[in-house]
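In what follows, a structure is listed as structure tokens, so that the remarks can point back to it.
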Amino acid sequence: LVVLNRENIASFEENPIGRWLLRANSGGITYLLIAKSVGTTVTASILLWSFWSRPQFTLVITTVVACAQILLLWYLSNF
């Protein structure tokens, strides 16, 4: 989504950290994409590690994260 809207992302980005990353990269999306990639990798790694140690707990956490992502997708599609 960021790549497809790279020309307009600065005007649509609502996350203050995302806006800061865009300004720090002079409007480019590289820093934002790196941050998103690192964040996704760290989150997925934590969930995987948690699943290995406490599967029932991780199921609850993963469900909450999935619901939050669905709500975010709904919000962005109705923006």
Side-chain angles (χ1 to χ4, degrees):
L1 192 58
V2 172
V3 173
L4 292 175
N5 295 305
R6 72 175 58 119
E7 286 83 27
N8 301 317
I9 193 68
S11 61
F12 293 119
E13 183 61 48
E14 293 186 23
N15 183 337
I17 295 172
R19 287 190 301 230
W20 178 79
L21 289 168
L22 289 167
R23 280 193 308 270
N25 196 27
S26 302
I29 61 171
T30 304
Y31 295 172
L32 182 62
L33 290 178
I34 290 170
K36 285 179 174 284
S37 298
V38 169
T40 300
T41 301
V42 168
T43 302
S45 298
I46 290 169
L47 287 172
L48 183 59
W49 172 80
S50 178
F51 177 74
W52 289 334
S53 60
R54 297 182 60 192
Q56 295 294 354
F57 174 73
T58 305
L59 180 60
V60 172
I61 298 301
T62 304
T63 302
V64 171
V65 170
C67 288
Q69 291 295 311
I70 289 169
L71 286 172
L72 179 62
L73 181 61
W74 175 81
Y75 171 79
L76 291 174
S77 68
N78 291 307
F79 183 88

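Numbers here simply count residues along the sequence, with the first being 1. The model shown is predicted, which means the values in this text are computed figures rather than measured ones.
With hydrophobic clusters built from ILVMFWY side chains whose heavy atoms lie under 4.5 angstrom apart, L33 shares a cluster with W20. Linking Ile, Leu, Val, Met, Phe, Trp and Tyr whenever their side-chain heavy atoms come within less than 4.5 Å leaves V64 and F57 in two separate clusters. F12 and L4 are not part of a single hydrophobic cluster, where members link through side-chain heavy atoms under 4.5 Å apart.
Between L32 atom CG and I9 atom CD1 the span is 6.5 Å, to the nearest 0.5 Å. Taking CZ of R6 as the reference point, atom CG of L22 lies at 12.5 Å (rounded to 0.5 Å). Between L1 atom CG and K36 atom NZ the span is 8.0 Å, to the nearest 0.5 Å.
More than 12 heavy atoms of other residues, nucleotides or ligands lie within 6.0 Å of CG in L72, so this atom counts as buried by the packing criterion. Heavy-atom contacts from other residues, nucleotides or ligands closer than 6.0 Å to CZ of R54 number 12 or fewer. For I17, the CD1 atom is loosely surrounded, since the number of other residues' heavy atoms within 6.0 Å does not exceed 12.
Nearest heavy-atom pair, A24 versus Y31, reported as atom, atom and distance to 0.1 Å: O-CE1, 3.6 Å. The two atoms that bring R19 and E14 nearest to each other are NH1-O, 3.6 Å, heavy atoms only. In terms of heavy atoms, T58 sits closest to L47 at CG2-O, 3.4 Å. Summarising the geometry of G39 relative to T43, their closest heavy-atom pair is O-OG1, 2.8 Å, with the distance given to 0.1 Å.
The backbone N or O of L21 lies less than 3.5 Å from no partner atom in the side chain of N25, so there is not a single donor-acceptor pair.
Side-chain contact between V60 and Q56 is absent, with no heavy atoms from C-beta onward closer than 4.5 Å.
The hydrophobic cluster containing I34, built from Ile/Leu/Val/Met/Phe/Trp/Tyr side-chain heavy atoms closer than 4.5 Å, also comprises V38, V42, I46.
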